[in-house]
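Throughout, numbering of the chain's residues begins at 1 and tracks the sequence.
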Amino acid sequence: GKIIRIPGESAWKCESLDSFEQQKRRFYYFVSKKCFDMDGLGPRIIDILLEQGLISSFDDIFTLKRGDLLSLPRFAEKSVDNLLSSIEKSRKITLARFLASLSINQVGEETAYDLAKYFGSIEKIGKAKYEEIENIYGVGPIVARSVFDYFKNEDNKKLIKNLLKQVAIIKENIKENQRLYGKSFVFTGTMKMDRVKAQEIVRSLGGEVSSSVSSKTNYLVAGENAVSKMDKAKELGIKIIIEKDFLNLIE
């Protein structure tokens with residue numbers, strides 16, 4: 001592979017090997033719980049689909065045919081049907097998850113959520129000026145540049161257009177009473193409840209979710225074996241609650 005220098009990055013990267021590995025990782029993330037949540041489409045299956053040339057772009061996942069899959073090694077009828085129904089189920093997605101799934105440089109789930117909340121539609125993000133993106137609370141110049149450049153790129157525009165032929169972006173399920181409006185939550189430790197689900201509930205009730213404890217945090221929800229973020233929360237005098245208290249809050 002030829003060695004290329006990426007503008008704006010100090011690292012030299014080996015292009016061809018690197019891009020296949022990166023492509024795999026992007027696909028793993030695309031189907032993961034935080035994004036399209038396609039159950040049964042694990043790394044092993046993604047690898048086979050990529051190696052067999054059945055997928056090369058995200059939207060290809062949605063056009064996989066039963067016959068294509070049955071012809072693959074180690075694919076039984078039942079697993080093929082489960083896989084296809086899982087893909088069907090994931091055709092409706094919130095804007096925040098859709099944005100996260102694109103693997104835009106610098107855009108994790110929190111930033112994706114901030115962008116979704118501010119713009120409300122993928123078209124508006126596509127048309128946004130750099131300055132407008134940069135002004136969003138929690139974004140900043142580096143992220144804004146990355147988002148702006150991503151949406152100006154012709155290949156990315158085409159990808160989004162093709163994806164939108166396959167999937168529907170649904171409105172975030174915002175409850176009328178914004179009970180947690182303006183409250184910020186951080187989760188730590190293992191919870192019985194699925195953490196991604198818990199975060200979505202907080203957001204649907206108007207709250208914010210962050211991955212790190214700061215003076216802006218209102219609640220640290222501590223699951224089993226929670227250690228890492230407890231000290232910082234105690235130091236800052238942040239209210240620490242257990243999962244049961246959290247469930248009472250959202251009931």
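Across all non-hydrogen atoms, the minimal contact from Asn218 to Gly182 is OD1-O, 3.7 Å. Nearest heavy atoms, Leu83 versus Leu69: CD2-CD1, 4.3 Å. The nearest pair of heavy atoms linking Tyr29 to Ala100 is CE2-O, 3.3 Å. The minimum heavy-atom distance between Ala112 and Ala96, with the atom names listed, is CB-O, 3.4 Å. When all heavy atoms are compared, the tightest approach of Phe187 to Lys229 is O-NZ, 3.9 Å. Of all the heavy atoms in Ile104 and Ser146, the pair that sits closest is CG2-OG, 3.9 Å.
More than 12 non-hydrogen atoms from other residues, nucleotides or ligands lie less than 6.0 angstrom from NZ of Lys157.
Evaluation of the side chain to side chain donor-acceptor pair (under 3.5 Å) rule for Tyr130 yields no partner, not counting sequence neighbours.
There is no path of hydrophobic side-chain contacts, each under 4.5 Å, that joins Leu220 to Leu180. Grouping the Ile, Leu, Val, Met, Phe, Trp and Tyr side chains by contacts below 4.5 angstrom, directly or via other members, places Val221 apart from Met230. When hydrophobic clusters are built by joining Ile, Leu, Val, Met, Phe, Trp and Tyr residues whose side-chain heavy atoms come closer than 4.5 Å, directly or via intermediates, Ile238 is not grouped with Ile241. Linking ILVMFWY side-chain heavy atoms closer than 4.5 Å, directly or via other members, places Val196 and Ile250 in two distinct hydrophobic clusters. In this structure, Ile142 is not a member of the same hydrophobic cluster as Val139, with clusters built from ILVMFWY side-chain heavy atoms closer than 4.5 Å.
For the pair Phe36/Ile87, no side-chain contact is recorded, criterion being any heavy-atom separation below 4.5 Å from C-beta on. Glu110 is not listed as a side-chain neighbour of Val209, based on a closest heavy-atom distance of 4.5 Å or more. Contact check for Ile46 versus Phe30: no side-chain heavy atoms found under the 4.5 Å cut-off. At least one side-chain heavy atom of Ile240 sits less than 4.5 Å from a side-chain heavy atom of Lys234. Taking the side chain as every heavy atom from C-beta outward, Leu236 and Thr217 never approach each other to under 4.5 Å. Counting heavy atoms from C-beta on, the side chains of Phe62 and Lys165 never come closer than 4.5 Å. In this structure the side chain of Leu41 reaches within 4.5 angstrom of the side chain of Leu49, judged on heavy atoms. Residues Leu159 and Ser57 have side chains in contact (heavy-atom distance under 4.5 Å, counting atoms from C-beta outward).
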Q. What do the steps show when you test Val167 against Lys92 for side-chain contact (heavy atoms from CB on, under 4.5 Å), and what is the final call?
A. CA-CA 6 Å; Val167 309; Lys92 289 191 165 71; over 6 Å; no
Q: Using the side chain to side chain donor-acceptor pair (under 3.5 Å) rule, take Tyr118 and Asn135 through it: C-alpha gap first, then chi angles, then the decisive distance, then the call.
A: CA-CA 10 Å; Tyr118 181 86; Asn135 279 330; over 6 Å; no
Q. Hey, mind stepping through Ile122 and Phe98 against side-chain contact (heavy atoms from CB on, under 4.5 Å) and telling me if it holds?
A. CA-CA 9 Å; Ile122 196 91; Phe98 182 88; 3.5 Å; yes
(Q) Show, in sequence, the C-alpha distance, side-chain angles and deciding distance for Tyr181 and Leu205, and conclude whether the side-chain contact (heavy atoms from CB on, under 4.5 Å) test is met. (A) CA-CA 7 Å; Tyr181 184 77; Leu205 292 169; over 6 Å; no
(Q) Let's go through Ser86 and Asn82 carefully: what are the C-alpha distance in whole Å and the side-chain angles of both, what is the deciding distance for side chain to side chain donor-acceptor pair (under 3.5 Å) to 0.1 Å, and is it a yes or a no? (A) CA-CA 6 Å; Ser86 170; Asn82 290 344; over 6 Å; no
Q: Take Tyr219 and Val202 through the test side-chain contact (heavy atoms from CB on, under 4.5 Å) and record every step on the way to the result.
A: CA-CA 11 Å; Tyr219 296 99; Val202 166; over 6 Å; no
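The list of salt bridge (Lys or Arg N to Asp or Glu O under 4.0 Å) pairs with a residue in residues 30-44, not counting sequence neighbours, reads Lys33-Asp194, Lys34-Glu109. Within the structure, every pair that satisfies the salt bridge (Lys or Arg N to Asp or Glu O under 4.0 Å) test and touches residues 114-141, not counting sequence neighbours, is listed here: Lys117-Glu208.
There is no side-chain donor-acceptor pair under 3.5 Å between Gln166 and Thr63. Of the N and O atoms on the side chains of Asp81 and Ser85, not one donor lies less than 3.5 Å from an acceptor on the other residue.
For the atom pair CD (Gln23) and OG (Ser103), the distance works out to 11.0 Å, reported to the nearest 0.5 Å. Remark: Leu115 CG to Ile133 CD1 distance equals 7.5 Å, nearest 0.5 Å. Within the model, atoms CD1 of Ile169 and OG1 of Thr94 stand 8.5 Å from one another, a figure rounded to the nearest 0.5 Å. Put simply, CD on Glu21 and CZ on Arg26 are 11.5 Å apart, with the number rounded to the nearest 0.5 Å. Atom-to-atom distance recorded for Thr111:OG1 and Gln106:CD is 8.5 Å, nearest 0.5 angstrom. The distance from the CZ atom of Arg145 to the CG atom of Asn105 is 13.0 Å, given to the nearest 0.5 Å.
Of the possible polar contacts, none joining the Gln52 side chain to the Leu72 backbone as a donor-acceptor pair under 3.5 Å is found. Between the Asn225 side chain and the Gly189 main chain, no donor and acceptor come within less than 3.5 Å of each other.
With Tyr113 as the aromatic partner, Arg203 meets the cation-pi criteria of under 6.0 angstrom to the ring centre and within 45 degrees of the ring axis. Taking the ring centre of Phe148 as origin, the terminal cationic atom of Lys152 falls inside the region bounded by 6.0 Å and 45° from the ring axis.
Between Ile160 and the choices Leu102, Ile125, Asp59, Asp155, the side-chain contact (heavy atoms from CB on, under 4.5 Å) rule is met once, by Leu102.
Between Phe58 and Phe27, the ring-plane angle classifies as perpendicular under the 30° and 60° cut-offs.
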